Number of protein chains: 2
Amino acid sequence: MGKASIRDVANLAGVSIATVSQVLNGKGERFSDATKQKVFAARDEVGYVPNASARSLKRGTTTMIGVLVPSLRNPYFGDIVQRMQEGLPDNVSLSIMTAETATADQTVETLVAAGVQGIVVASQLSNPPAVARSLKRRGIAMVVLENHDELEDADAVYSSDTQGGRKAAEHLIALGHKHVVLLGNQVYTDNLLYRTASFKEAMAEAGVKVSEVATRNLTKHAGRAAAMAVSVTHATAAFALNDELAIGLISGLNAIGIKVPTEMSVIGYDDTDYAEFFRPALTTIEQPVWDIAKSALDLVLQRIAQPDGERQVAAFDANLIVRESTAPFA
Amino acid sequence: MGKASIRDVANLAGVSIATVSQVLNGKGERFSDATKQKVFAARDEVGYVPNASARSLKRGTTTMIGVLVPSLRNPYFGDIVQRMQEGLPDNVSLSIMTAETATADQTVETLVAAGVQGIVVASQLSNPPAVARSLKRRGIAMVVLENHDELEDADAVYSSDTQGGRKAAEHLIALGHKHVVLLGNQVYTDNLLYRTASFKEAMAEAGVKVSEVATRNLTKHAGRAAAMAVSVTHATAAFALNDELAIGLISGLNAIGIKVPTEMSVIGYDDTDYAEFFRPALTTIEQPVWDIAKSALDLVLQRIAQPDGERQVAAFDANLIVRESTAPFA
DNA sequence: ACTAACAATTGAAACGTTTAAACCTAAATA
DNA sequence: TATTTAGGTTTAAACGTTTCAATTGTTAGT
């Protein structure tokens, strides 16, 4: 009834547990075929599956990688996680957790306690360098999905938010807008900080006025709720900090009778799947999800294999995708 | 350098490892305050975190629950997972994996090997009753997110697809449509089987013609690709097996100049967040995600605590949400 | 026949915890 | 004074593996 252990297999096969272990782990070059057969047969008969705890206790290593994202409700992160999952080597598995800023540090500890070998962090930590240092000291690999210069103790992969913010700005400038709103969270994460800073900087250079409208978070609902606040600024274009927000904003704008893009242009960020399908199709800044996910996975795996290599950083371009939600200022 | 063990804490504090263990696990009623302080201080100094493998090996129990969903790219599942995550008791964690039909069985084994205590399965298994039996024999709790009558060895939670399919049909019938298309996957899962069967049954009763258009999968892209095939049927309404498909279909229809809902009505399934924000806002069948996620979590936890109780089933209603993507047959 | 080499298998220690039981000391009771 | 009680702490076994060194047969070489 209780799960079968290696001992049950050994007894049934009439061999020692050492034999069972070696045969089942493919170290069985030296064992006779007869023995191997007996072991496999016994394994199948009792339905033996190695106890993961015991194995990783002995081996001193799990084969789990933790992934920490803010929310799986945002398809951007769903996509990242999905892609990492798909690219996973056979013997390793992902432990996915979600945590907003407030609980991110604590969730990292949960992951560590669960025995992960490495962590990919997309959530905003309270103090990334400190967490990175602590993890490194404990021999756990960490790669962050952000551009943080002071992060000496963690590998990083990101697409340039500085570039993305600027491209969004330049697009709006090129369309002739003179007053835009920056729609975003008030609890800035580092990525968003770069994104907004570069946007504002570019706008300042061009002499375009930017009004800021804060939101509670970066969801569609928050975007919709902000529509009125955006409209009273009398700006002619808006930069939403992500696509979710943009979609919500457009929906809200629509509800109060403001047409996008004729009366107001909206540009998003991320280029999630939905951007293309939404109507008006979203003009947005593309983050190369596929590359980000793949690099993050590669980097963390590599760091686990070789803890003391040089710090690695993979930076990708953020690209403007022009669709229907932006138009020239008439 | 290597991670600190309980022994390091004990040495530094000048006590035995038993003391450390007991104090740190709150069994320390009998220990003097002085000792407790020393232990805590030592723990903090060396940065000790209990080794999860060793702990669960000894305790004979992990605190991990596996979740198996088809894809995190579909916000329906993202939402379910997110909600389970949010409702999680403090000491337990979720191990989320994705697997389409082909690999679902194997992924269950991966989860088992990782030491989960229970599994919530939303993916389609090759042979659910067999998997359920096998898991039960090994003392692992399982709850399936589907309505499967022969599943004696697993708890289940679902919203009635039979009801949902019928409600979708009735809505279209009430609007006066005489020829509709059923847009869906050719690899039917059990849930979808009920969904389509009841839809077709209701349509047959009402004497409405239904044309079937198969898709490769249930994604937005598949929906868009099917637009032409749908249009050539000359049906006046379509039932898409989920919202993703519906969104894709509408987008595709639009691209070939067919207006929704004036020229064709489209109804989806799931009522994901996007249904409400999409334009035209999606008429769809709501699945009570919150209830489903919560019940699934409760049930699996309960089953872990008490493996030999009566089989539990939680069934919810599926509700029609009328928005803008359906209109009377003109 | 005697050793050497080899093939096949096993004994036993170790991984880091938890926990029941045992132990020690000092104070309380008889 | 002898004995119990209680408080405070430790000993040691166990959990299920993996793995190195040791052991047993066998066969080959001289």
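Just so it is clear, the model here is predicted, and its values are computed rather than measured. Quick note on labels: first sequence line is chain A, next is B, and so on, each numbered from 1.
- Residue A:S32 has no polar side-chain atom (N or O) positioned under 4.0 Å from OP1 or OP2 of C:dA8.
- To the nearest angstrom, P of D:dA6 lies 10 Å from CZ of B:R30.
- Whole-Å rounding puts the A:N11 CG to C:dT9 P distance at 17 Å.
- A:T35 comes within contact range of the sugar-phosphate backbone alone, with a heavy-atom separation under 4.0 Å but no base atom that close.
- At whole-Å resolution of the value, CG in B:D8 and P in C:dT17 are 9 Å apart.
- Mapped onto DNA chain D by nearest heavy atom, B:K38 and A:I6 fall at different nucleotides, with B:K38 at the one closer to the 5' end.
- Here A:S21 lies in heavy-atom contact (under 4.0 Å) with a base.
- In this structure, of D:dT17, D:dT9, C:dT10, it is D:dT9 that holds the atom nearest to the side chain of B:T19.
- We find that B:E86 and A:R73 are joined by a salt bridge, their nearest charged nitrogen and carboxylate oxygen being less than 4.0 Å apart.
- Among the nucleotides D:dT17, D:dA14, D:dT11, the one closest to any side-chain atom of B:K58 is D:dA14.
- Following rounding to the nearest Å, A:Q22 (CD) and D:dT19 (P) show an atom-to-atom distance of 9 Å.
- When the P atom of C:dT17 is taken as reference, atom CZ of B:R59 falls 11 Å away, rounded to whole Å.
- Using a 4.0 Å heavy-atom criterion, one finds that A:S53 contacts no nucleic acid atom at all.
- Remark on DNA chain C: of its neighbouring residues A:I17 and A:K36, the 5'-side contact belongs to A:K36, judged by nearest-heavy-atom nucleotide.
- Pairing each heavy atom of B:S5 with each of B:D8, the nearest pair is N-OD2, 2.8 Å.
- Between B:R55 atom CZ and D:dG16 atom C1' the separation is 18 Å, expressed in whole Å.
- A donor and an acceptor atom, one from each side chain of B:T189 and B:N191, are nowhere located under 3.5 Å apart.
- Closest contact between the side chain of A:S5 and the listed nucleotides D:dT10, C:dG11, D:dG16 involves D:dG16.
- Using a 3.5 Å distance cut-off with no hydrogens or angles, the side chains of B:S159 and B:Q287 do pair a donor with an acceptor.
- Side-chain proximity of B:L57 to C:dT19, D:dC15, C:dG11: nearest is D:dC15.
- Between A:Q124 and the options A:D190, A:T101, A:D105, a side chain to side chain donor-acceptor pair (under 3.5 Å) holds for only A:D190.
- Per the geometry, CG belonging to A:N25 stands 5 Å off P belonging to D:dT18, to the nearest Å.
- Rounded to whole Å, atom C1' of D:dT23 lies 13 Å from atom CZ of A:F31.
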